[in-house]
Amino acid sequence: MKKRLLPLLAALLAALGCARAAAPAVIDIRTDGLSLVLCANDDGTVVLRHFGGRIDDVAPFAAYRTHRRWDHGADDEIYPAAGGRNFRLPALRATHADGDPNTELRYVAHEVLPTGDDNVTQTVVRLTDRRQPLDVELLFTAYAREDVITVRSRITNREEGPVVLHAYYASALTLHGHDSYLLTQLRGGWADEAQVEHLRLAHGTHSISTRKLVKATHSENPAFMLSLDSDRFDERHGEVIAGALAWSGNYRIDFSIDEYDVLTVLAGANPDGAAYTLDARKTLATPEMIYTYSAEGAGRASRNLHDWARRYGIRGGKRGHVPTLLNSWEGAYFSFDEKTLCGMIDDAAEMGLEMFVLDDGWFGNKYPRDHDRAGLGDWEVNAKKLPGGIDRIASYAHERGLKFGIWIEPEMVNPQSELAERHPDWVVRADGREATQIRNQWLLDMANPAVQDFVFGVFDRTLALSKKIDYIKWDANRHAEAFGSKYLPADRQSNFWVDYAEGLRKVMERIRAKYPDVLIQACSSGGGRVEYGALKYFDEVWTSDDTEALSRARIQYGTSLFYPAAVIGAHVSASPNHQSGNVIPIKFRFDMAATGRLGMELQPRQMSDAERDFARRAIASYKEFRDLVEEGDLYRIGSPYDPSGTFATMYVSKDRRRAVVMAYCIRYRGHTPVPQFRLEGLDTATHYKVRELNVDHARCWFDGEVLTGAFLHHEGLNPPLQRLYDSAVYLLEAQ
Ligand code: GLA
């Protein structure tokens, strides 16, 4: 009883503008290696005192003072609002119902919530404005073994009328006491995703952001690493903080260093052009920001995120192997009939693949989907191409021992479609202005519940086409622009950006409630939806439309910084490659795809006999070690950016008894230099037998040798990779 009254009393006092009531001074949130320490100041502000290596004795923080002049700006608030003394970028900026543009959040209460998982603790911190009945709840979830803390916020309007939120971030993190911050981020474009950039943060503000809403993560990914006190990105050494935002919408992460050298990281939905009107008695839930900390360089930060993702973050994270597959896109594009598809299924089965995925082109009758200019939105089977329906193809796949998957793009519509004729009001467009087309298509307005029902219905009806559909590839091939929602009232138009993302989330919730076991891939012109908001519902991502193995070296490396291999779709495609025109040996193509979820995407009939023989062998060997790719610890040995032109990727089983090392040469530098890869993650005292896979005979002195973990770590392996596209795969097994 007493426990429940205290927060109420505190809320009352805070609402009256009084000093905080009996607030505990220190709020201690921790994992095995990370501490996040909050303090409630005398004036009721809640400040972040520490985010970094674990501190067991947090009592001194009660007396901690910054020694900064109190009249020179606000302290390091955990959720800085625009108002009072705060001149930093605010996590929350609101215009209250009565027009007041100030918010000063004060402590109300905090509570540790039960989770039912002894690895997970949840702490909620409740704040309210000094004057207005506007509340903020910060929810911190700490994952002990993974050294991950996630943060999300809930903003509740208890005022008499609507409040306009001009900024509503998920979290704010202040860091101090470091000489420098090296930011690592991913940039790119279509077919060029996840390119790694490093920059030293300077005073002022730098942002990672998008306003594209859909197909958003090509250009910038909402994830980052900060190497502390170092100008060097280091896989093995130094303190690193990594963050990733879970939000399938517009995002922004701001890094702002002020005159006190305090770095504030704000992360959340991008408020730019997206002021959100929050009606009275409504709550806005922000996205979740995921943080981890490593005292052992970037490698450990990635492994923490991967562990967290596999255990808690990804819808399919707890399931068994994901099938190797043949996807029809680059093999058939829009031109196929039952014979083509059954032939591909036969070939896939013969090579040892485990699933066939029918990509774009199977639907539309009045406007057949024979190209990308028509049919999108009309999700009935094209009777000319597939007279026996989807069930005939899916059944054939199952008869041949393969699972079956199918492509949909339910958020989109071609102007040339029956859907566009029936529901012009569902299209995102501004009255009296051009509805822009991208890839000849429009975006449907997911802020509209009728569209949400339709999109759910597309998924539902597609699965009803056959009982043998095991997998859905969900595509989204354009971004939002020239926006306008027929559903939202004129004074709520800028709610569109949040409401679209929320609409998608609601649909995915419904889909997962009804179809918990169907595998779903998030594709968006390749890697346009690679983020943890999508991964909560999708099992994997299509990493890039660039299937060329050389480009994939950087794309998959960059993606691996934040996302586990278990979600990284990687396909072997034809040579010359359809995107780059590059000619690459089949072995290199397979060895590169094997660092992720292996698939193929070509017309097998166009492969030579030698290529097919190799494919059979490589698919079989992948099955031997894929548990390591899916569940093991990733160690990046060098990088595809290294001037040496060689690098390796290794995965080690959790018990350190098995490992796979995949090594590549991506630049010819004459025949003198030979790479030397010092391996990581092994047990120094264990003896490992080294076996090269995907070759006919031994190519190096250590093939078949038994070497200690100490040898492999301190001396390493020196595979003879000297020519462009030389590659090698070694399996290490404890003896
Ligand atoms: C997008 C996807 C591709 C393929 C095509 C089909 O570009 O990224 O993988 O599915 O659409 O139109």
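Start at 1 and go down the list; that is how both ligands and their atoms are numbered. Every value quoted in this text rests on a predicted model; they were computed, and no experiment measured them.
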Problem - Basic-acidic side-chain contact under 4.0 Å: Arg589, Glu611 - result: yes
Practice task
Show your working on ring pair (Phe, Tyr, Trp, His ring centres under 6.0 Å) between Phe483 and Trp497 and close with a plain yes or no.
Solution key: CA-CA 9 Å; Phe483 94 96; Trp497 306 98; 4.7 Å; yes
Practice task
Say whether Asp359 and ligand 1 are in contact under the criterion: heavy-atom distance to a ligand atom below 4.0 Å.
Solution key: yes
Practice task
Answer yes or no: does an N/O atom from Trp407 fall short of 3.5 Å to an N/O atom of ligand 1?
Solution key: yes
Practice task
Within a distance under 4.0 Å of any heavy atom of Ser525, pick out the atoms of ligand 1 and give their elements.
Solution key: 8 (O)
Problem - Mode of Asn477 contact toward ligand 1 - side chain, backbone, both, neither (heavy atoms, under 4.0 Å) - result: side chain
Problem - Over 12 foreign heavy atoms within 6.0 Å of CZ, Arg211 - result: no
Handout entry: Nearest non-hydrogen protein atom, atom 3 (C) of ligand 1
Key = Asp545 OD1, 3.4 Å
Exercise for the section: Around atom 12 (O) of ligand 1, find the nearest protein heavy atom and jot down its residue, atom name and distance. Expected result: Asp360 OD2, 2.6 Å
Practice task
Ignoring angles and geometry beyond distance, decide whether Arg439 reaches within less than 3.5 Å of ligand 1 through its nitrogen or oxygen atoms.
Solution key: yes
Problem - ligand 1 versus Cys523: contacting region, heavy-atom distance under 4.0 Å - result: side chain
Problem - Contacting atoms of ligand 1, where contact means under 4.0 angstrom from a heavy atom of Trp542 - result: 8 (O), 9 (O)
Practice task
Keeping the roles fixed (side chain from Asn382, backbone from Trp362), state whether a donor-acceptor pair exists under 3.5 Å.
Solution key: no
Practice task
Kindly confirm or rule out an N or O of Phe334 lying under 3.5 angstrom from an N or O of ligand 1.
Solution key: no
Problem - Between Tyr641 and Phe647, ring centroids under 6.0 Å - result: no
Handout entry: Salt-bridge criterion met for Lys403 and Glu354 (N-O under 4.0 Å)
Key = no
Problem - Lys473 heavy atom under 4.0 Å from ligand 1 - result: yes
Problem - Ring centre gap for Trp329 and His571 strictly below 6.0 Å - result: no
Exercise for the section: Would you check the N or O atoms of Arg369, main chain and side chain alike, for any that come under 3.5 Å of an N or O of ligand 1? Expected result: no
Practice task
Only counting residues at least two apart or in another chain, list the ones meeting salt bridge (charged side-chain N to carboxylate O under 4.0 Å, His left out) with Asp391.
Solution key: none
Handout entry: Closest protein heavy atom to atom 1 (C) of ligand 1, given as residue, atom name and distance to 0.1 Å
Key = Asp475 OD2, 3.1 Å
Handout entry: Side-chain ion pair, Glu481 and Lys212, N-O less than 4.0 Å
Key = no
